[in-house]
Peer 1: 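Questions regarding the structure given below will be posed in turn.
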Protein chains: 2
Amino acid sequence: MMKTSDKRSDVVQAALELIAEKGFHGAPMAEIAEKAGVGAGTIYRYFENKDILITELHKELEAKITAALLDGYPVEQPLRERFLYAMREVFRYFITYPLHFRYMEQYFNSPYGITLHRDRLLGKSGDPDILMDIFEQGADQQVLKALPTSVLFSIAFGSLTLLMRDHIIGFISLDNHLIDGITEACWDAIKK
Amino acid sequence: MMKTSDKRSDVVQAALELIAEKGFHGAPMAEIAEKAGVGAGTIYRYFENKDILITELHKELEAKITAALLDGYPVEQPLRERFLYAMREVFRYFITYPLHFRYMEQYFNSPYGITLHRDRLLGKSGDPDILMDIFEQGADQQVLKALPTSVLFSIAFGSLTLLMRDHIIGFISLDNHLIDGITEACWDAIKK
DNA sequence: CCTCAAGGAGTGAATATTCATTCCGGAAGG
DNA sequence: CCTTCCGGAATGAATATTCACTCCTTGAGG
């Protein structure tokens with residue numbers, strides 16, 4: 001039987017919207033509950049506390065992003081094409097779901113994200129990262145600059161972050177043409 | 001007359017350290033006061049409220065950074081050299097004062113910073129920005145890619161941000177050699 | 001079919017905590 | 001004394017979290 005309303009996902013959606021727009025501290029549980037059309041206590045039936053709600057939401061978003069990235073990924077193409085594809089795809093995903101970007105940004109710039117980032121760099125996270133793979137292969141094949149993998153990553157993704165921000169506040173418009181130019185520029189940065 | 005202890009700067013220093021390490025919400029006024037060796041009420045003799053303390057601190061840091069960047073800036077050199085100099089100098093400054101980096105990052109990722117950023121992009125801020133000048137000239141002289149100024153900026157500074165982060169958590173070590181490699185990579189990204 | 005009791009989802013007022021800010025008594029210095 | 005500067009307890013607002021209670025649904029028994 002199809003439930004017409006799933007309170008848990010109502011809560012998740014409300015939390016996503018509020019936190020993405022106003023930050024963790026601009027999103028009191030009471031407001032999340034109200035926006036979800038749910039009693040304040042109901043949230044605690046699904047999430048032990050606010051922290052868990054926050055990290056759970058992060059995990060869900062990350063799974064979606066990974067899925068989107070994997071879908072149509074040109075495994076057989078040369079490195080350059082795979083890199084360009086991945087960058088463009090991430091741009092596209094975040095442009096389609098700006099709330100997801102804002103949320104991930106909030107999460108990343110918070111104690112949660114800091115420790116996650118540290119663990120990830122140290123390889124303590126299970127999931128194989130497409131981008132990291134590209135950079136490592138590039139190092140082996142000597143088509144990329146002789147810089148540490150994580151540096152190559154930062155060069156590509158640091159740009160993406162600031163650009164997405166400017167796009168979301170409406171200062172630039174990331175259309176396909178501009179995205180192509182940007183991803184090519186990033187490729188120039190990392191290629192030998 | 002030289003005061004041996006200037007409470008105002010004690011407060012500023014304490015706030016800088018606490019906020020840089022734990023964020024705005026991890027730095028209660030009471031704790032700032034304690035760290036500064038000052039009564040909680042004393043802070044309010046110098047700063048009307050927490051918001052003002054925060055923005056004031058931001059202004060002071062920004063002034064220092066601008067000064068450091070301007071000092072020794074090779075005005076007469078070609079664009080490429082000026083760009084490399086500016087990038088390296090910013091890296092060096094933040095490596096010397098990691099707390100300043102962390103603070104600026106916090107500020108930037110907060111309601112304060114968002115509006116500041118918007119104003120700056122719209123040119124509503126008085127100070128002429130060295131980096132922006134470089135990019136604009138580069139566009140005129142056609143030595144840079146035909147991308148909007150703000151995009152060129154994001155490519156360079158987005159990278160810098162993530163890299164500084166990795167440096168501060170100790171995952172990479174930004175020595176002079178690595179910094180040179182990175183700034184060259186950024187130049188490759190933006191040059192035609 | 002109808003009744004009704006059990007179980008669990010859902011609620012939101014009450015509670016406990018955490019802060020920013022205020023305020024007043026007192027120290028320091030003139 | 002008087003003025004300026006401090007300190008830190010007191011205050012009040014904002015919040016996360018709890019919990020006693022109210023439905024609803026379900027299905028066993030008649």
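Just so we're on the same page: letters track the sequence lines, and every chain starts at 1. Computed from a prediction, not measured in an experiment: that's the story for all the values here.
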Peer 1: Just checking B:Phe47: base, sugar-phosphate only, or nothing, at a heavy-atom cut-off of under 4.0 Å?
Peer 2: nothing

Peer 1: Are more than 12 heavy atoms, taken from residues, nucleotides or ligands other than A:Glu81, located less than 6.0 Å from that residue's CD atom?
Peer 2: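 More than 12 heavy atoms, drawn from other residues, nucleotides or ligands, come within 6.0 Å of this atom.
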
Peer 1: Between B:Glu184 and B:Arg80 (salt bridge meaning N to carboxylate O under 4.0 Å), is one present in this structure?
Peer 2: yes

Peer 1: Shortest non-hydrogen contact from A:Lys145 to A:Leu152?
Peer 2: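 So the minimum-distance heavy-atom pair works out to O-CD1, 4.3 Å.
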
Peer 1: Between B:Arg8 (CZ) and D:dC5 (P), how many Å, whole number?
Peer 2: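 Atom CZ in B:Arg8 sits about 14 Å away from atom P in D:dC5.
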
Peer 1: A:Arg45 CZ to C:dT11 C1': how many Å, rounded?
Peer 2: 10 Å

Peer 1: Would you kindly give the CD-to-P distance between B:Glu34 and D:dA9, to the nearest whole Å?
Peer 2: 11 Å

Peer 1: Rounded to whole Å, how long is the line connecting atom OH of A:Tyr46 with atom C1' of C:dG10?
Peer 2: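 Atom-to-atom, A:Tyr46 to C:dG10, this comes out as 8 Å.
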
Peer 1: Can you find a side-chain donor-acceptor pair between B:Arg88 and B:Asn176 that sits under 3.5 Å?
Peer 2: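 Side chains of B:Arg88 and B:Asn176: no pair found under 3.5 Å.
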
Peer 1: Between B:His167 (side chain) and B:Ser173 (backbone), is there a donor-acceptor pair under 3.5 Å?
Peer 2: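 Side chain of B:His167 to backbone of B:Ser173, a donor-acceptor pair under 3.5 Å: no, none is there.
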
Peer 1: Using a 4.0 Å heavy-atom cut-off, write out nucleotides 18-28 of chain C from 5' to 3' as B (base contacted by protein), S (sugar-phosphate only) or - (no contact).
Peer 2: -SSBB------

Peer 1: Could you give the CG-to-C1' distance, from A:Leu53 to D:dT17, as a whole number of Å?
Peer 2: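 Distance, rounded to whole Å: 13 Å.
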
Peer 1: Would a 4.5 Å heavy-atom cut-off, applied to side chains only, mark A:Phe101 and A:Tyr93 as touching?
Peer 2: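 They are not in side-chain contact.
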
